[in-house]
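Report on the following structure.
Heavy atoms only: backbone and side chains are in, while hydrogens, waters and symmetry mates are out.
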Amino acid sequence: MSEEQIMIRDLARQIAEEKIVPVRAELDETGEFPWDIMKVLAQSDSWTFIPEEYGGLGKGCLELCVAIEELSRACLGVSTTYAANALGTYPYCFSAATTRRKNTFLTLQLGSDSWPSD
């Protein structure tokens, strides 16, 4: 793996261990959406595929899979939530949407306003 891929793996692993593992049983029992964890992921460099001009790392599917794999080790439910949001956003990165629309949508995916607190 490249240095950047190792950084992405280590960041996802750290988030998984610090934020997901302590609450995974509770999330499974309650079925609650992991808003706080999604906020942490949105504000970290884990949205690897979003182009650099919109605040992402501009990486590809491999880096996304590296992050998903690490999150899956902690909780499959959380990693599926992350993957679904990431993969739902992926086509938007390369769509025919206007630059203004892409800027609005993709930067929201990375910012605190993108994930409500409850």
Side-chain angles (χ1 to χ4, degrees):
M1 289 199 308
S2 71
E3 276 188 41
E4 286 183 318
Q5 291 166 339
I6 291 169
M7 185 236 8
I8 291 165
R9 181 201 64 198
D10 292 349
L11 176 62
R13 183 177 292 166
Q14 179 182 357
I15 291 170
E17 291 171 355
E18 293 177 5
K19 303 293 183 185
I20 299 172
V21 169
V23 298
R24 66 184 171 191
E26 179 185 343
L27 290 171
D28 283 346
E29 290 170 9
T30 64
E32 290 182 37
F33 188 86
W35 292 113
D36 292 340
I37 296 168
M38 290 296 110
K39 278 186 179 183
V40 169
L41 290 166
Q43 294 169 350
S44 73
D45 281 336
S46 64
W47 293 95
T48 60
F49 56 87
I50 293 179
E52 290 179 276
E53 62 264 31
Y54 301 108
L57 294 179
K59 301 300 172 193
C61 288
L62 177 59
E63 289 79 9
L64 177 61
C65 290
V66 167
I68 291 169
E69 181 178 33
E70 286 301 318
L71 298 175
S72 296
R73 292 175 57 177
C75 179
L76 192 56
V78 171
S79 70
T80 301
T81 302
Y82 168 79
N85 281 282
L87 294 172
T89 303
Y90 197 82
Y92 207 91
C93 295
F94 307 103
S95 72
T98 65
T99 301
R100 180 175 176 225
R101 193 169 289 225
K102 284 182 185 180
N103 189 48
T104 300
F105 179 75
L106 296 174
T107 54
L108 278 175
Q109 283 296 96
L110 298 168
S112 60
D113 293 338
S114 121
W115 300 101
S117 58
D118 38 36

Item checked: With sequence neighbours excluded, residues passing side-chain hydrogen bond (donor to acceptor under 3.5 Å, both in side chains) with E32 ->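 Testing E32 for side-chain hydrogen bond (donor to acceptor under 3.5 Å, both in side chains), a comparison that skips the adjacent residues, returns none.
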Check: How would you list, by chain and number, every residue that makes a side-chain hydrogen bond (donor to acceptor under 3.5 Å, both in side chains) with E69, sequence neighbours excluded?
Finding: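 Once residues adjacent in sequence are excluded, E69 has no partner under the side-chain hydrogen bond (donor to acceptor under 3.5 Å, both in side chains) criterion.
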Inter-residue atom distance [X].[atom1] - [Y].[atom2], 0.5 Å rounding:
{"X": "I6", "Y": "L11", "atom1": "CD1", "atom2": "CG", "answer": "13.5 Å"}
{"X": "S2", "Y": "I8", "atom1": "OG", "atom2": "CD1", "answer": "7.0 Å"}
{"X": "L76", "Y": "T81", "atom1": "CG", "atom2": "OG1", "answer": "9.5 Å"}

Item checked: L71/I37 under side-chain contact (heavy atoms from CB on, under 4.5 Å): CA gap, chis, key distance, verdict -> CA-CA 11 Å; L71 298 175; I37 296 168; over 6 Å; no
Check: residues 15-28 side-chain donor-acceptor pairs under 3.5 Å, at least two apart:
unit_1	atom_1	unit_2	atom_2	d
E18	OE2	Q14	NE2	3.3
R24	NH1	A74	O	2.9

Margin query: Checking R73 now: which residues fulfil side chain to side chain contact (heavy atoms under 4.5 Å, CB included) with it, not counting sequence neighbours?
Written below: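 Once residues adjacent in sequence are excluded, the partners of R73 under the side chain to side chain contact (heavy atoms under 4.5 Å, CB included) criterion are R13, E70.
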Notebook entry, point to check: Hey, quick one: are W35 and Y82 part of the same hydrophobic cluster, counting side-chain heavy atoms closer than 4.5 Å, chains of contacts allowed?
Noted result: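 Yes, it is one cluster - the side chains of W35 and Y82 are joined through contacts under 4.5 Å.
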Checklist line | For V66 against Q5, the heavy-atom pair lying closest together | finding: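 Closest approach of V66 to Q5: CG1-O, 3.9 Å.
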Margin query: Please list all pairs meeting salt bridge (Lys or Arg N to Asp or Glu O under 4.0 Å) that have one or both residues in residues 1-10, counting only residues at least two apart or in different chains.
Written below: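 For residues 1-10, and leaving out neighbouring residues, the salt bridge (Lys or Arg N to Asp or Glu O under 4.0 Å) pairs sorted by first residue read E4-K59.
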